[in-house]
Amino acid sequence: MTRLDLHPLILAAAQGRLPEWAALRPSRRPHLAAVAALLERWALELGLAERDRVRWAAAGWLHDALRDADAGMLEAESAEYPSGVRHGPAAAARLERSGVDDEELLEAIRYHSLGRASLGRLGRFLYLADYLEPGRSFEPVKIAALRARLPGDHQLVLRLVCACRIADTLNRGFPLRPETVDFWNELTAGV
């Protein structure tokens, strides 16, 4: 561990320097930068300590680090997940093998596409940032309106984003993962 008691890989990622095993097209870097910038801004607005702000920025940079990895590698890392979401669990597994032991950060990256009940604050905000970053081309007015409500109204926005992701999954004819169903049920309990 080094400065702020964080793994060097996390410190480097927070500065936009990805690990040598990252596999992504150069065209994906703006998405990573936008997600990291949102997370940094929200962490600052939430008054988080510098250590957590660095962790949040790193999660933004690392969440799609294996988004463009070949299917065989992703299958070997995370075969139990559908192909479109294997990159998160695979990236978390690679980070663990690299010595990263920050469980909240690993879970955030692992479930940034699916959601999961009991996902920590970092995971919930990564889930939001990944969907709401300004470079997204779908429903830009709606996305901007939801993004403008954060970080303050994150519980409501989280439910709305989860509902959109569920609807998209169902509209594409895919089954919902149990993690996503549990996440939705947790978000809507008592509402």
Side-chain angles (χ1 to χ4, degrees), residues 2-4 6-70 73-74 84-96 98 100 102 104-115 119-152 154 157-158 161-162 164-165 168:
T2 58
R3 185 177 144 263
L4 301 174
L6 291 170
H7 192 282
L9 195 150
I10 299 304
L11 292 168
Q15 299 299 313
R17 295 188 315 271
L18 297 175
E20 73 283 346
W21 49 258
L24 67 148
R25 295 185 309 269
S27 61
R28 195 165 311 274
R29 283 190 71 85
H31 168 68
L32 300 182
V35 170
L38 274 178
L39 287 169
E40 281 183 282
R41 188 181 91 213
W42 294 339
L44 189 62
E45 289 176 20
L46 289 166
L48 300 185
E50 180 185 5
R51 182 178 190 280
D52 287 325
R53 293 193 311 265
V54 169
R55 291 172 59 245
W56 283 38
W61 280 103
L62 292 167
H63 79 283
D64 277 352
L66 292 177
R67 186 69 172 107
D68 300 314
D70 74 52
M73 191 281 287
L74 290 176
V85 298
R86 285 183 181 150
H87 63 283
R94 288 300 278 274
L95 287 164
E96 281 182 297
S98 297
V100 174
D102 182 334
E104 183 187 24
L105 183 137
L106 294 170
E107 289 294 293
I109 291 168
R110 185 174 287 118
Y111 293 106
H112 77 270
S113 298
L114 295 170
L119 198 57
R121 182 164 55 172
L122 170 54
R124 289 169 182 251
F125 276 96
L126 177 58
Y127 182 87
L128 290 168
D130 184 43
Y131 189 83
L132 298 175
E133 64 96 345
R136 293 294 196 189
S137 59
F138 56 89
E139 302 189 63
V141 173
K142 177 181 177 181
I143 295 298
L146 290 172
R147 193 173 51 248
R149 298 180 79 149
L150 294 168
H154 66 275
V157 175
L158 196 54
V161 167
C162 187
C164 289
R165 285 184 159 199
D168 181 58

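Every heavy atom of this structure was used, including side-chain atoms; hydrogens, water molecules and symmetry mates were not.
- Residues Cys164 and Tyr131 approach most closely at CB-OH, 3.2 Å, considering heavy atoms.
- The heavy-atom pair separating Val85 from Ser113 by the smallest distance is CG1-CB, 3.6 Å.
- The aromatic rings of His63 and His112 lie perpendicular to each other, with more than 60° between the two planes, well past the 30° mark.
- Among residues two or more places apart in sequence or in another chain, the side chain to side chain donor-acceptor pair (under 3.5 Å) test is passed with Arg51 by none.
- In this structure, the side chain of Glu133 engages the main chain of Gly135 through a donor-acceptor pair within 3.5 Å.
- With sequence neighbours excluded, the residues forming a side chain to side chain donor-acceptor pair (under 3.5 Å) with Tyr111 are Tyr81, listed by chain and number.
- Asp102 has its side chain out of reach of Ile10: every pair of non-hydrogen atoms, C-beta onward, lies at least 4.5 Å apart.
- The minimum heavy-atom distance between Gly123 and Ala108, with the atom names listed, is CA-CB, 3.4 Å.
- Taking CZ from Arg17 and CH2 from Trp61, the interatomic distance works out to 11.0 Å, rounded to the nearest 0.5 Å.
- With sequence neighbours excluded, the residues satisfying side chain to side chain donor-acceptor pair (under 3.5 Å) with Arg86 are Glu75.
- Side-chain contact check for Tyr127 versus Arg165: some heavy-atom pair is nearer than 4.5 Å.
- You'll find the side chain of Leu38 reaches within 4.5 Å of the side chain of Pro134, heavy atoms only.
- Partners of Arg29 under the salt bridge (charged side-chain N to carboxylate O under 4.0 Å, His left out) rule, at least two apart in sequence or in another chain, do not exist in this structure.
- In terms of heavy-atom proximity, Ala93 sits nearest to Arg110 at N-NH2, 4.3 Å.
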Verdict with supporting geometry, Leu24 and Leu18, side-chain contact (heavy atoms from CB on, under 4.5 Å): CA-CA 10 Å; Leu24 67 148; Leu18 297 175; 3.5 Å; yes
Could you give me the CA-CA distance, side-chain angles and deciding distance for Leu66 and Met73, then say whether side-chain contact (heavy atoms from CB on, under 4.5 Å) is met? CA-CA 9 Å; Leu66 292 177; Met73 191 281 287; 3.7 Å; yes
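- Ala91 and Trp21 get closest at one heavy-atom pair: O-CH2, 4.0 Å.
- In terms of heavy-atom proximity, Leu6 sits nearest to Leu11 at O-CD1, 3.8 Å.
- Just one of Val35, Leu39, Leu146, Val161 meets the side-chain contact (heavy atoms from CB on, under 4.5 Å) condition when paired with Leu128; it is Val161.
- Side-chain contact between Arg67 and Leu32: absent, with no pair of heavy atoms (C-beta onward) separated by less than 4.5 Å.
- In this structure, the side chains of Leu62 and Pro19 come closer than 4.5 Å at one or more pairs of heavy atoms.
- In this structure, Trp56 and Leu46 have side chains that are in contact, with non-hydrogen atoms separated by less than 4.5 Å.
- Proximity of Leu48 to Trp42: side-chain heavy atoms (C-beta onward) are nowhere separated by under 4.5 Å.
- For residues 137-150, the pairs satisfying side-chain hydrogen bond (donor to acceptor under 3.5 Å, both in side chains) are Arg149-Asp153, with sequence neighbours left out.
- The line from CZ of Arg28 to CG of Asp68 is 4.0 Å long, rounded to the nearest 0.5 Å.
- Listed by chain and number, the residues in a side chain to side chain donor-acceptor pair (under 3.5 Å) with Glu104 are Arg55 (sequence neighbours excluded).
- Counting only heavy atoms from C-beta outward, the side chains of Asp130 and His31 approach each other to under 4.5 Å.
- Ionic pairing of Arg53 and Glu50 is not present here: no N-O contact between side-chain nitrogen and carboxylate oxygen is shorter than 4.0 angstrom.
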